[in-house]
Amino acid sequence: MKLLVIHSRDLEKGSTKFRFVQYQDFLKKHDIHLDYIRYRDINSETLEKLPGYDLVVNQKCLMNIGLSKEIRKRSRRILFDFDDAIWTRPGKPYGLITGWRVRRRLQYWLNSADVVTAANSFLADYARQYSQCVRVVPMAIDIHQWQPLDTEKSNCTIGWAGSPATLKNLGRLEHVLQQILERHSNVVLSIFSGARPGLQLPYDYVAYQAGKEAEFIRRLDIGLLPLPREEYAMGKSPIKAIQYLACGVPVVGDIIGASQEILTPENSFSVKTDQEWIQALAELIKNSGLRKEMGHNGLLYVRDRFNTEIVRQQLLEILRDSCG
């Protein structure tokens, strides 16, 4: 079976890596071969080759309607996959015309795809307004790569890992983190990102290096997950939350929308106000036993639900059914 995956960015960045690339060796063993093309590179030659593929996968690319219809007409079967609330965007909402155009393009793909896969129930519920064949394929990680570090430490490390684009979410916690550091002398704040945050407080900065993220996260005792309370964030299944839990790190964060499918009262603290952030962090800082218990619960939760060895089987079945 031959599949063509239409994507928007580099294969090692963004959701395409977690939705398809990490499974390609497994799928190849089951005679499913993936080719990739960026949607901006699609040309007449690409269109002519589409009938040769058993399935064309659109990984959340919202192309103009003309090109979209041409792809649909020439493809045997189509799967549309998305892992974000792409009908909106983070921060400032779309303007009236742009928002209409984005939603129209998304609705076209949801209507015309033979099957739709979504990363969580929040997104799946949206898709079911336009499609009768929607399946949930959770975000997942390799639990052999993401494992706890079994060592005893005298201090307590609170950490955050994320892209430069999301540093603004961490910045919202500056007042909270300042108070935590002032009240708890054994606490260290550590940050892993492609850019240094502009926080006016003491912290250890670890510059982003590909392949080093798991090493950073497993050294943490508490993971931070600040999310903006907006519709776009409601649709996210934060891969960071899964990575924290897989390393046995309990989470404190804005647990909203789809993140509630990952973070539960057994493995995390859901907070809203600055005072709730301070109280939750203080409780975990003071109680190493609680940290270990919640971290272990999180590890088991990820192994049962967000483990690539489980999710890849779900994806394999869906792809086979889609091509059938």
Out of curiosity, does [Y] fall in the hydrophobic cluster containing [X] (side-chain heavy atoms, cut-off under 4.5 Å, transitive links)?
X: Ile6; Y: Leu110; result: yes
X: Ile78; Y: Leu67; result: yes
X: Leu224; Y: Leu149; result: no
X: Ile37; Y: Tyr23; result: no
X: Ile32; Y: Val115; result: yes

Do the side chain of [X] and the main chain of [Y] share a donor and acceptor less than 3.5 angstrom apart?
X: Ser322; Y: Ile318; value: yes
X: Glu261; Y: Ser121; value: yes
X: Thr98; Y: Gly95; value: no
X: Thr166; Y: Asn169; value: no
X: Asn120; Y: Ala258; value: no
X: Arg76; Y: Asp54; value: no
X: Arg291; Y: Ile285; value: yes
X: Asp84; Y: Ile86; value: no
X: Arg196; Y: Val206; value: no
X: Gln260; Y: Ile256; value: no

Please output the side-chain donor-acceptor pairs of residues 176-183 that fall under 3.5 Å, not counting sequence neighbours, one pair per line with the distance.
{"residue": "Gln178", "atom": "NE2", "partner": "Glu182", "partner atom": "OE2", "Å": "3.2"}
{"residue": "Gln179", "atom": "OE1", "partner": "Arg183", "partner atom": "NH2", "Å": "2.5"}
{"residue": "Gln179", "atom": "NE2", "partner": "His175", "partner atom": "NE2", "Å": "2.6"}

Determine the minimum heavy-atom distance between [X] and [Y], stating which atoms define it.
X: Leu167; Y: Ala195; answer: CD1-O, 3.6 Å
X: Lys60; Y: Phe80; answer: CA-CZ, 3.7 Å
X: Lys272; Y: Arg229; answer: CG-NH2, 3.2 Å
X: Tyr205; Y: Pro197; answer: CD1-CD, 4.0 Å
X: Leu319; Y: Leu3; answer: CD2-CD2, 3.7 Å
X: Asn186; Y: Asn155; answer: O-CB, 3.1 Å

Could you check whether any side-chain heavy atom of [X] comes within less than 4.5 Å of a side-chain heavy atom of [Y], counting everything from C-beta outward?
X: Gln243; Y: Ile141; result: yes
X: Asp114; Y: Leu79; result: no
X: Tyr301; Y: Arg305; result: yes
X: Tyr126; Y: Leu106; result: yes
X: Ile71; Y: Ser68; result: no
X: Val137; Y: Arg19; result: yes
X: Tyr108; Y: Ile65; result: yes
X: Val187; Y: Ile158; result: yes

Does the side chain of [X] come under 3.5 Å of the side chain of [Y] through a donor N or O and an acceptor N or O?
X: Asp35; Y: His33; answer: no
X: Trp87; Y: Gln107; answer: no
X: Thr308; Y: Asp142; answer: no
X: Thr16; Y: Gln59; answer: yes
X: Thr264; Y: Asn267; answer: yes

Measure the spacing between [atom1] of [X] and [atom2] of [Y] and express it to the nearest 0.5 Å.
X: Leu4; Y: Leu55; atom1: CG; atom2: CG; result: 9.5 Å
X: Ser44; Y: Glu70; atom1: OG; atom2: CD; result: 10.5 Å
X: Ser259; Y: Asp254; atom1: OG; atom2: CG; result: 8.5 Å
X: Met294; Y: Leu245; atom1: CE; atom2: CG; result: 9.5 Å

Original post:
Is atom CZ of Arg135 surrounded by more than 12 heavy atoms (other residues, nucleotides or ligands) closer than 6.0 Å?
Top reply: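 Count not over threshold, so no.
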Subject >> Derivation and outcome, side chain to side chain contact (heavy atoms under 4.5 Å, CB included), residues Met1 and Leu27 >> reply: CA-CA 10 Å; Met1 290 165 49; Leu27 293 174; over 6 Å; no
Subject >> Aromatic plane relationship, Phe26 with His30 - under 30° parallel, 30 to 60° tilted, over 60° perpendicular >> reply: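 Rings of His30 and Phe26: tilted, as their planes differ by 30° to 60°.
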**OP:** Please work out which of the three classes, parallel, tilted or perpendicular, describes the rings of Phe192 and Tyr208, given edges at 30° and 60°.
**Re:** perpendicular
**OP:** Could you walk me through whether Ile262 and Ser237 pass side chain to side chain contact (heavy atoms under 4.5 Å, CB included), step by step?
**Re:** CA-CA 7 Å; Ile262 302 168; Ser237 293; 4.0 Å; yes
